[in-house]
Participant: 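Encoded as structure tokens, here's the structure I'll be asking about.
All figures in this text were calculated on a predicted structure; none of them were measured in a lab. When reading the values below, keep in mind they use all heavy atoms of this one structure, side chains included, and skip hydrogens, waters and symmetry mates. Note that ligands are numbered from 1 as they come in the structure, with each ligand's atoms numbered from 1 the same way.
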Amino acid sequence: MSDFSMNVGADGVAIITWDTQGKSMNVMSEQGFIDLDALIDQVLADEAIKGAVITSGKEGSFAGGMDLNVIARMKEAGGDDPAASIFDGIMKIHSILRKIERAGMDPKTNKGGKPIAAALPGTALGIGLEIPLSCHRIFAADNPKAKIGLPEIMVGIFPGAGGTTRLVRKLGAMGASPLLLEGKLNDPKKAKSAGVVDEVVAPEELLDKARDWVLSEPKIVKPWDEKGYKMPGGAPYHPAGFMTFVGASAMVNGKTQGVYPAAKALLSAVYEGALVPFDTALKIEARWFTNVLLNPSSSAMIRSLFINKEALEKGANRPDQPDQKVSKVGVLGAGMMGAGIALVSAQAGIDVVLLDQDQAAADRGKAYTESYADKGIKRGKTTPEKKQALLDRITATTDYNALAGCDLIIEAVFEDPGVKAEVTAKVEAVVGEDCIFATNTSTLPITELAKASKRPEQYIGIHFFSPVERMLLVEIIKGKETGDRAVAKALDYVRQIKKTPIVVNDARFFYANRCIIPYINEGIRMVAEGVNPALIEHAAKLVGMPLGPLQLVDETSIDLGVKIAKATRAAMGDAYPDGAVDEVVFWMADEGRLGRKAKAGFYEYDEAGKRQGLWKGLEEKYPRAEEQPELIEVQHRLLFIQTLEAVRALEEGVLEDIREGDVGAILGWGFAPWSGGPFSWLDMLGTPYAAARTAELAETHGARFATPALLEEMGRKGQTFYGRFGDAARAA
Ligand code: NAD
């Protein structure tokens, strides 16, 4: 059965309904384009048909976008010449949408043609907005939950089915820039005020209004197909347009640091497209789109941030167990983490018992949700009724008996094995036998903590990142005895709270912290070596890290660094490798420079806590070396130090799936997203080069860069990580 069907009413209006089989939201496939094209031909050829309305058979949405595998298949189909295959594929899509837009009009006089409207019941993303943009009028149902926009840039591409060219011509470069460059999504009313959709109507009137419009003999020529068209805000050679592009280029470079090919290509497509007629502009858009699709960064970003992220969210690594949806969760400890966990759980509609040592602490934890909701009300994101419903779901208490009936417990008390063991025993005395117990510890081994439990197979780590409500990743850690049901429970819970899970085995610092701590340490180590701190910070940002290592320590606080260093040193004894780092960190702590919270750290801060320049005192203590390293040397140190940990985690079996390694790295600590994650980065470099380069770094900087045996072997054999551990390998 086709995803598109058509019904012609007695009034001569054809209603084309998009309804992707077996999906809750429409997605575009190769066959979808062919079917839509055939129906448009029919509309234009049949004299009895006056015009058409394209709508969706899904309640509350028009379309979620393109099946990104279509692009992957276009590339594969091209064999040795993928560029030609992709370009031709895109031009074919352009021709279909252009056919809708021209609708049979005379090319010279613009006479004739049939009106075609888009009627969006709700969410319309990517190609789901590009098709409407080619129609003559866009009607959107007044559905505040709907999201309308072009989010392509978020996965490393840009709207390549005419969305870029049409939106810029409709709104001007300035008006289109937040939508194209930031992937900003709007609800229907905001989409109307931004000029993206033309009318917002009551949901029950959507089809009638669109149909009436089709029958009203409207003018359907697009402004850009008329003589004398001028781009809103001015084309690039116009003084106002010139200013826009100067600003936009600077903004894009500032935001992307030049490492995201899609943003640059998008801007080029916009600029160059603005100088030529519409059809040529589409061709330019297609060329740049092809260019971006062939860039390894965009393939890696699509793979990690779209395909694999979604696969993990849908339970790619979930053991085969019955549904473990959580209905009542007990959160132990109402501190910074507990308060956040209570908030996100309540938001997911789960009943929460938030327990602390005294009532005041428990209440403070609950008050966090209150102030969060208050901010939401101020910004028009929520209502007082919803706030009340949220608060009603959270019971703040000191009474363990209130935990009866919980099917999941998440413990976030002090990072102390004794305290954790005590609360574990108290909980198990009141909860049912099948309750799963999770700890949010960041440093203590799960297998050890599980010893305090009567049911270690039901004991697991669910490791959140701070701030809980903002961070997208949750790390699930299996202890030696953790059973499948506990893993399924953790995964089902993470799905309920709409975050992305990775599942790893128990080892020091699990996965994320294991990789990020060496990054921070490498930055600090360079300070001790006399590397210019500004060089360290800029090198990190120029290679796509969201924060330089020194800024990151300031954010997480120096005293936390001291605490972790002391505990690690105690656990590792003589093997402890980070003495040089500790010297700097302990000195900073002695100086009272504890980071942002103290308004003094590696950076200086003003009274309001706003970050100023790097702290001058640093240079007095660690004078700048006469010879400074090359930028690339600093960047390689900062990226390889994280990446090698990821490889070791895979080698040791802490990571079981490289998809989790890549997705977890980007969402967990912002590992250079343009790379697609550490394993994608190694594949991009080529393992032979990566092995040789790490050996060189080890020679110059020490054994922490030593090439892991796995990487050495893969380099020798010329293997890639996704070739050896990716889809095909997993399926085998
Ligand atoms: P916190 O100090 O802000 O909160 C801990 C809370 O636990 C306090 O409110 C305290 O009163 C309560 N508590 C202590 N002993 C208790 C007991 N016996 N019974 C009931 N309540 C008790 O600490 P936090 O930053 O929220 O960290 C909590 C846990 O989460 C720790 O294990 C920590 O390692 C882990 N964690 C922290 C972060 C982070 O960024 N802070 C990130 C991930 C995980």
Participant: Side chains of L552 and Y519, heavy atoms from C-beta outward: is any pair under 4.5 Å?
Facilitator: yes

Participant: What closest approach, in Å, do P708 and E651 show between heavy atoms, and which atom pair accounts for it?
Facilitator: CB-OE1, 3.5 Å

Participant: Using a strict cut-off of 4.0 Å, indicate which atoms of ligand 1 neighbour a heavy atom of T441.
Facilitator: 32 (O)

Participant: How are the rings of F721 and F679 set relative to one another: parallel (under 30°), tilted (30 to 60°) or perpendicular (over 60°)?
Facilitator: tilted

Participant: Return the option from I341, N440, L355, V413 holding the heavy atom at the smallest distance from atom 31 (C) of ligand 1.
Facilitator: V413

Participant: Is there side-chain contact between E583 and W587, with heavy atoms separated by less than 4.5 Å?
Facilitator: no

Participant: What atoms of ligand 1 come within less than 4.0 Å of a heavy atom belonging to F464?
Facilitator: 42 (C), 43 (C)

Participant: If you measure from each heavy atom of A361 to ligand 1, is any distance below 4.0 Å?
Facilitator: no

Participant: Is any side-chain heavy atom of V634 closer than 4.5 Å to a side-chain heavy atom of M526?
Facilitator: yes

Participant: Q357 versus ligand 1: do any nitrogen or oxygen atoms come within less than 3.5 Å of each other?
Facilitator: yes

Participant: Suppose we measure from atom 2 (O) of ligand 1 to each protein heavy atom; which comes out shortest, and what is that distance?
Facilitator: F414 CE2, 3.5 Å

Participant: Strictly inside 4.0 angstrom of atom 23 (O) of ligand 1, do you find any protein heavy atom?
Facilitator: no

Participant: Who gets closest to atom 42 (C) of ligand 1 by heavy atom: M337, K420, R364?
Facilitator: M337

Participant: Can you report which non-hydrogen protein atom sits closest to atom 40 (O) of ligand 1, along with the distance?
Facilitator: S466 CB, 3.4 Å

Participant: Considering only non-hydrogen protein atoms, determine which one is nearest to atom 5 (C) of ligand 1 and report residue, atom name and distance to 0.1 Å.
Facilitator: A412 O, 3.6 Å

Participant: Is there a donor-acceptor contact under 3.5 Å linking the side chains of Y603 and E537?
Facilitator: yes

Participant: Students often mix this up, so state it plainly: with edges at 30° and 60°, are the rings of H463 and F465 parallel, tilted or perpendicular?
Facilitator: tilted

Participant: For atom 41 (N) of ligand 1, which protein heavy atom lies nearest, and how many Å away is it?
Facilitator: M336 CE, 3.2 Å

Participant: What class does the angle between the rings of Y493 and F464 fall in, given that below 30° is parallel, 30 to 60° is tilted and above 60° is perpendicular?
Facilitator: perpendicular

Participant: Please report which non-hydrogen protein atom sits nearest to atom 8 (C) of ligand 1, along with the residue it belongs to and the distance in Å to one decimal place.
Facilitator: D356 OD2, 3.5 Å

Participant: Side chains of S453 and E428: donor-acceptor distance under 3.5 Å anywhere?
Facilitator: yes

Participant: Side chains of Y722 and D662: any donor to acceptor distance under 3.5 Å?
Facilitator: yes

Participant: Check ligand 1 against G335 and write out every atom of the ligand that is under 4.0 Å from a heavy-atom position of the residue.
Facilitator: 3 (O), 4 (O), 6 (C), 9 (O), 26 (O)

Participant: So which of D416, V423, L332, V419 gets nearest to atom 15 (N) of ligand 1, if we judge by its closest heavy atom?
Facilitator: V419

Participant: With no hydrogens and no angle check, just 3.5 Å: does a side-chain donor-acceptor pair link D559 and S557?
Facilitator: yes

Participant: Could you check atom 32 (O) of ligand 1 against the protein and tell me its nearest heavy-atom contact, residue, atom and distance included?
Facilitator: E415 OE1, 2.5 Å

Participant: Distance under 4.0 Å to a non-hydrogen atom of H463: what atoms of ligand 1 satisfy this?
Facilitator: 43 (C), 44 (C)

Participant: Side chain, backbone, both or neither: which part of T443 comes within less than 4.0 Å of ligand 1 when only heavy atoms are counted?
Facilitator: neither

